[in-house]
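Here is the structure we will look at, set down as structure tokens.
Just so you know, these numbers come straight off a predicted model, no measurement behind them.
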Amino acid sequence: MASKTSSAAEPETVCSSPSLKISKEINFRRASETLDFFRVMGANIIDPENTNTHGFYNGFLRSFIKVDHIQRGRLACTVVAKAPICNGFGTLHGGAVGSFVEVLSTACARTVVAEDKELFLGEISISYLSATPINEEVLANASVVKTGRNLTVVALEFKLKKTGNFLYITHATFYNMPVASL
């Protein structure tokens, strides 16, 4: 491993670590392309200070969700794919999809699980069928598939509002745990 130097022969970007090491087995062009990929994906963007505050994530994520309908065991929402949650390719970021699955599945499970039980998210399964273009509206429909004393399973499907085409199909498994009384 060669350590990073400030010579013109090595790539240098804002997103690289000061202790960046580039193996001798990889050529300069490949290393530059890899670092450029991280730059294009936004790795060199510094987060604003207010993102480090408690509760920022919850409010930030909720700002892209509009709840359309709630009933026992069902939840319907509209999610808008705005720029802050899209990737460098101009589509909804897969991590944002995962975050929406967590939030919406939990909200749907809460429509059937008693408040005195704590929910523990044990598993999420996401099938990415198609990408969501930036500024598109997505319909998210969650429904409880199974609920019991110890387990709740929620299915969630995302469809493009314009066409009705499936984007993502997900399942989330929650373990229902009674709150410990000490």
Mind checking the [atom1]-[atom2] spacing from [X] to [Y]? Nearest 0.5 Å is all I need.
| X | Y | atom1 | atom2 | answer |
| --- | --- | --- | --- | --- |
| Leu61 | Phe100 | CG | CZ | 4.5 Å |
| Thr78 | Ile65 | OG1 | CD1 | 10.5 Å |
| Phe174 | Lys146 | CZ | NZ | 14.5 Å |
| Arg110 | Ile70 | CZ | CD1 | 14.0 Å |

When you group the ILVMFWY residues by side-chain heavy-atom contacts below 4.5 Å and let the links chain together, are [Y] and [X] in the same group?
| X | Y | value |
| --- | --- | --- |
| Leu167 | Val80 | no |
| Tyr128 | Leu104 | yes |
| Val67 | Phe64 | yes |
| Val101 | Leu129 | no |

I'd like to know if the side chain of [X] reaches the main chain of [Y], judged simply by a donor and an acceptor atom lying under 3.5 Å from each other, with no hydrogens or angles considered.
| X | Y | answer |
| --- | --- | --- |
| Asn87 | Gly94 | no |
| Tyr168 | Val97 | no |
| Thr173 | Val153 | no |
| Lys117 | Arg149 | yes |

*Test applied, side-chain contact (heavy atoms from CB on, under 4.5 Å); reference residue, Val154; option that passes from Val144, Val112, Leu75*: Val144
*Check whether any side-chain heavy atom of Asn135 sits under 4.5 Å from a side-chain heavy atom of Lys82, and report yes or no.*
yes
*With a 4.5 Å heavy-atom cut-off, do Phe166 and Ser127 have their side chains touching?*
no
*asked:* Take a 6.0 Å sphere around CZ of Arg74 and say whether it holds more than 12 heavy atoms from other residues, nucleotides or ligands.
replied: no
*Where do Cys108 and Leu156 land on the side-chain contact (heavy atoms from CB on, under 4.5 Å) test, with the steps shown first?*
CA-CA 9 Å; Cys108 186; Leu156 177 58; over 6 Å; no
_Stepwise side-chain contact (heavy atoms from CB on, under 4.5 Å) test for Ile85 and His93_ = CA-CA 6 Å; Ile85 55 174; His93 191 284; 5.7 Å; no
